[in-house]
Structure formats: structure tokens, C-alpha cells
2 protein chains.
Amino acid sequence: MARRAASGDEGRRPTTIRDVAAHAGVSVATVSRILSGTYPSAPATRSKVMRAVRELDYVANANARGLAGASSRSVAIIVNSVVSPHYAHVAQGVQAQAALEGKLCIVGTTGGDSERELATVQLMRQEHAECVILVGNVVNDEAYRERMAEYARALALAGSQLVLCGRPPLGPGVPALVVEYDNTGGAYAITSHLLSAGHRRILFLGRRDGYTTPESRVAGYRKALADHRVPHDPGLEVEGTMERLEGYRMVRQRLAAGPRDFTAIFAGNDLIAAGARQALREHGLRVPDDVSMVGFDDLPPAADIDLTTVHVPHEELGRTAVRLALGRGQDQAGIQAGMAEHVLLGTHIIVRDSVRPLRNQAP
Amino acid sequence: MARRAASGDEGRRPTTIRDVAAHAGVSVATVSRILSGTYPSAPATRSKVMRAVRELDYVANANARGLAGASSRSVAIIVNSVVSPHYAHVAQGVQAQAALEGKLCIVGTTGGDSERELATVQLMRQEHAECVILVGNVVNDEAYRERMAEYARALALAGSQLVLCGRPPLGPGVPALVVEYDNTGGAYAITSHLLSAGHRRILFLGRRDGYTTPESRVAGYRKALADHRVPHDPGLEVEGTMERLEGYRMVRQRLAAGPRDFTAIFAGNDLIAAGARQALREHGLRVPDDVSMVGFDDLPPAADIDLTTVHVPHEELGRTAVRLALGRGQDQAGIQAGMAEHVLLGTHIIVRDSVRPLRNQAP
DNA sequence: CCATCGTATGAAAGCGGTTTACCAGCGTGT
DNA sequence: ACACGCTGGTAAACCGCTTTCATACGATGG
């Protein structure tokens, strides 16, 4: 019986639960139960086992555990890229919450390629993650919705939850959670901020039809204009993606094309704002002395360039996604119990020094 | 035999390899071998199996695979925080290389707390990651070295490789790989850059004794001064951590304490530079008109504030770590074959607009 | 035409846990 | 004293896959 734990303890093979059992003089089942925690056991046995674990430096094999038990104790997050600050913050939130719940976090990237996204979801499926969190801006067409519904069903069948983070809901009947933040509301608020400062001609940088995030932001911008009875000039909405270089390009082209016909800029996000600011500077224009500017996201570049912007609860987004998915998984009844399937997190304005009342601004 | 795959295909239990075998009319062994790829098989059987896989939407169970086979097909990375740009880039590199090699990437964070680091390493150990990559600046004392050696041995015993990324080597006999970049060289080069511009009194921001990264950077700074025969004034080395706020604080305090006694600043990293720049501005000083400044890292803030800095191959660091660890694992002989145990990646200067020759600078 | 050998496949033994029966004691209530 | 419910523990059946080991089958050589 104690054959294993015999003198030759320096064996190459890592310690298993059987070794622990032998060493402690109990059965493997007892060890398993004591380690899992959830079971009554005599204090004496408990301490015997714990001592054996310590002495043998035993660590459970997660694969075996995941195979035998129901749960793999892991959550998956899939993002475009880990270096992009927004994704990084969401990922941080996911990781933190996962750690808090004793799960580990596995991450995949797509580079924005939907083929890779598909492959990555498959990967997570075979990993049996308890939930897979898909985050990021995306084309919102029929094909997309269908694909997501497919993912959601396949994952549900494997006992795992699909969470869409920062994406719009798919519609009823699809077993997917949605956690997003109020893009339209934020855009409305910050546009109003500019309008209150007297600005009427506000350049919107980063329109991109068909993509959910920029679309919602443009929508907020337009609604604010409308509510303030400021005529809407579609010519002020410049198309471009959400990158720094694009911000640079858009402003540069605009200024090269003719005389300046705006007094303020609403950059689709802070990256665009940073690029735009550089283009302005190269053109001899200062923010906010000559042009007012606001952004969206409140990510690192914003503080560096003193940008008034919309704060987005990036980390909270990730945290909530995990909490929700795990909560729902735990309590299957949650579904019937009407646990939230769609959460909308709020945003708020961060005022820095990038906006000046129109009257105080150089012409 | 075909009991499983009988009409009622809508069973709740996910598809297993047995289902596929039954559906294709072969044995599970055959399916396993064909899916693993590495084995000869008759084309006819192969296509039968593949069809079954497709029709049943089969995905292998990674836990079972990891348990039965040797490898878990995963690499682990442990960082302070995912949002910190340096770590994010390294993580991106790790993730990318892992994906390239068909492995998945699991990430843990420590928040800089060594207790959490320990716990996280344990977590990765039980996950049986093929390698665990520890990245980040750290106190380099005896206790640390001992702890790392412990980690390395425990991991090696479980068939996994410890990789220290951006940390100095531990010494011989410890089964750990090291991938770092040339901090001292970079600091030397960029200090020389300032010296060539005529600067003699260069403030170093972010000295922190006992921590490897800042220590190496200070070392390069000092060596450059020495080589250029510029007297070294210890009073010019300001202590602080590698954060934006710290940069702000350090400069603010310095300027409040007395008249400006420097003409250039070498910020320990770009974050510090950003903070320092803000403090300077609030004090009415412009970069580079009044003060020259350089940073280190070449991370996002650098471009935004037009900072001349040292480019660090962050992603390459992560990539190399994975490549090395996996390469070594695959070919156990690699150890004897003298495969690199310590890689030092080079850096180079990125010149932007933050340095002005002393003579052209305001007094 | 039989012995020989290489090859594609099958049967079964684990991998290291969890979990379901099941059982030995051991007070209690009557 | 006996049936009875508890408690702390055991044995053994999986979980789904990989991987020997063994085998049937064709092709080959003498």
C-alpha cells in the first residue's frame, strides 16, 4: 500500500493524488474531497492530508480535474489585440475578476480577422472555458449575427456561455449575454459640452458606417445637435478608422482641402484626437487656443494631451462580463430567474483643458 | 455499435471521439491518430473520419488530450498588469508566437505582489503549461533569486520551462531561460545623444536602487557621462518609480526646491517623461525649447509627445521567450546542444523632436 | 505456394482526478 | 438489546483522449 511513497521520493514522475493518499494513509477519495473543500471531514484526517500535500509539494493536475469534474475553472477572452488600450483594460478586468473567482484567464487574439475569430472560438470551445468573452467593435450585418448565434449555440451545448462585450445584442432566443456601455449617451453628453461652450461647427472625426461603435457615437453627436437646434452638416462628419494615424490624416486632408470651417473637433476616440492634435499643430493651430477638441474613451493618450473626453468603464466592462457569465452558469435557474441578459454601463465626461468657449478662442 | 449515433442526434451531451468513431465506422484509435495528424492512414478512412467530424461538429476535449498526452499545448505568461503598455506588448508577442505554434496563451497578473506571483506560478504549474514566462522588473536580492530557483526546479520537474523575461540571469545550475534587452546599452546611447548636443547637466528621473531595470538604465547613464568625461553629480539622479505621476511629482518637487540646475532630462521611461513634461509645462517650461528631454521604451506616450527615446523590442521579447522555451522543450537534447539560455536583445534610438542643442535652447 | 514482412486498424490500458455507491462504526431512542 | 440514522471513509466506475501492443491483411521473395 505504501509502495509508492517508499524511500525513493526523488522519482521523476510528478506527485499525484495517489501519492498523497498513500503518504497520509487515507484513500484518494478522501484527499480529493478534502482538497475540494466541499465536504465534511474529521479535523485529524484533514491535517494529515494537508501535511502530506505540503511535504510532497503536491499540485493537482488541472487537466484531470477539468476532465473528471464539470468545470474547467477558466474563462476565455478574445480580443483584436492585447496592446490596444481599450482591449487591454477590458482584458485586465476579465483577468482580475476571474482571479477573484479562482478561475484562470486564457486569451486569444483575432487581429480583427473574422476567420481567426472563428478559429479562436473553436479553440476556446475545445478548452471548455466556462465562458468566452468576445469583445470589440465589429461590422453589424446579418452574416455577423448569424455567426454569433451559431457560436452561442455551440458553446451553450458545451456548457459554456458566450458574452458579447461592447457589442449590441443579437436578439431574443440567442443564448448570449451582452455587456456594453453607453456610446450614444456619452457622445450626446460631450457634444452638448461643446455646444454649451458656444461651438456650432463641430467636426466629427471617425465616422464609419456599419460598425457599431462609431455608429453609436455619431448617433449621439447628431442627437445632441438636433436637440440644441443646430443644423446638421453631413460634410462635417469625416470618415476614418479609430487609429491615431487616421486622426492625423483626416485633419491634414481637411485643412489642405480648403479654409478651416469648424471651431471644434469631436474625435471618435482619444487616439484619433492625439493624431488630430498633431496635424493641427503642424498646421500652426493650437488646442484649445485655436481649436477646441474632445475625445472618447479616456485612455492614456487623453491625459497626456490634456483632453476633455468621455470616460468609459473599460475594466468594469470585463469584470461585469465575467461576473454575469459565471453567475449565470452557477445558477442555471438564473436564466428563468430573469438574470440580466443585457447590461448597459454608464459613462461620464472628464473635463481637462482642451475646450474653450467659442468667444475666447482665436477666430 | 451505432447505438450512439442513432437518429436522436440532438442529445445534450457534447460529441466525443467515440461518437465520431461510431459515425465513421472505425475505432477511436483511428480517429485519434488521424486527427493528431502524425500517422499514416488510408485516404479513404481519413476522409470518412473527416466527414464524421464535420457532420457531428466535433471538437476535441483539450483536458482529456492534455491528460492523456504529454503536452497541454499552452504557454503561460505572468505580468504585473495587462494594461501597462510594456507588459501588454510583451504579452502580445507571447500570444502571437503561441498562436503561431498552435498553443494557447493563459495569462496571470501579480499587481507587483510577490505573494500573488507565487500563487500564480502554482496555478500555472497545476495547469501544466509548457512554459511559464515571468516578465517584469523586480527586486534583485538573494531572497528573490532563491525563490526563482525554486520555481524553476518545480516547473522543470513538471516538464515545464521557466522563462525570465526582462530580468537578469539567476546564475548557473538553475533551469531557467532568460530573455532580456539591453537596458544599459540603450541608456548609454541616448545619454550620449544628449551629451553630443552639448548638454552637461542631465537630470535622471526614476532611479530606484535594487530594482534591475532602473539600475541598468542608471548604469548606462553614468557610463556615458564617464566616457564623455562629464563630472557625475549624484544630485542629478532623482528617485522615483516608473509611473507617469511620479515623473510629474519628481519634476515639480525639483523645480519648487530651487532654481533649475539642469538643461536636459533623461526620463527612466516614457511614462515618466510624459509626467515630467506636464510638470515642466505647468512651470512655464517647454520641451524642447527650454529643456531637452529623452525617454526610454518607445511606447505610445512617446509618439504623442514627440519624444526622442530608446526603442525596446517589446513584442520580440515575448516572441523570443516562447520560441526559446518551446524549442528547448521539444528537443530535450537542446540543453546539451548548448541552445541559448540567455538572450540579450538590442535596442536603438528613435529620434523625434524633444532634444535641442544646448546653444539653441533658452537659458 | 508458403513463410515473411510492412502497414493500416483495432482493443485495451492508462493519464489523474471526481463522484457514486457502499460500508463500518457509533451513539440514540425505545 | 436492537433497529436506525449519522459520520468519516473506501472502492471503483467513469471523464475523453493517447498510445502501446496485438492483429489481420496484402504484397513480396524464395
Side-chain angles (χ1 to χ4, degrees), chain A residues 1-2 4 11-50 52-53 56-74 125-128 157-159, chain B residues 1 4 11-49 52-53 56-74 125-128 157-159:
Chain A
M1 230 177 209
R4 286 257 147 89
R12 274 289 165 275
R13 183 182 50 72
T15 323
T16 79
I17 196 174
R18 265 173 260 276
D19 302 333
V20 176
H23 193 87
V26 298
S27 80
V28 293
T30 303
V31 176
S32 170
R33 286 197 281 242
I34 286 181
L35 291 184
S36 306
T38 169
Y39 207 78
S41 56
T45 335
R46 166 175 219 78
S47 64
K48 263 196 307 186
V49 169
M50 293 317 249
V53 166
L56 268 46
D57 187 27
Y58 166 75
V59 288
N61 181 326
N63 285 328
R65 185 172 280 189
L67 179 56
S71 136
S72 69
R73 319 203 133 284
S74 66
R125 189 138 83 91
Q126 75 177 50
E127 211 64 23
H128 283 228
L157 221 137
Chain B
M1 234 179 206
R4 286 259 148 87
R12 273 290 166 275
R13 183 183 48 73
T15 322
T16 79
I17 197 174
R18 261 177 269 274
D19 302 332
V20 176
H23 193 87
V26 298
S27 79
V28 294
T30 303
V31 176
S32 169
R33 285 194 282 243
I34 286 180
L35 291 183
S36 306
T38 169
Y39 212 79
S41 56
T45 334
R46 167 176 219 78
S47 63
K48 263 195 306 187
V49 169
V53 166
L56 269 47
D57 187 27
Y58 167 75
V59 288
N61 181 324
N63 285 327
R65 184 173 281 189
L67 179 55
S71 136
S72 70
R73 318 203 133 286
S74 67
R125 187 139 83 90
Q126 78 177 46
E127 210 64 21
H128 283 230
L157 221 136

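Predicted model, so just to flag it, every value in this text is computed and none were measured.
In terms of heavy atoms, A:Asp19 sits closest to A:Pro14 at OD2-O, 4.1 Å.
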Once base and sugar-phosphate atoms are separated, protein heavy atoms under 4.0 Å mark nucleotides 15-24 of chain C, 5' to 3', with B, S and - as BBBBBBB---
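Note: B:Ser74 OG to A:Asn63 CG = 7.5 Å, rounded to the nearest 0.5 Å.
With A:Ser41 contributing its side chain and A:Ile34 its backbone, the two residues share no donor-acceptor pair below 3.5 Å. Using modelled atom types, one side-chain atom of B:Ser36 and one backbone atom of B:Ser32 make a donor-acceptor pair closer than 3.5 Å.
With contacts defined as side-chain heavy-atom distances shorter than 4.5 Å, the pair A:Asp57/B:Arg125 qualifies.
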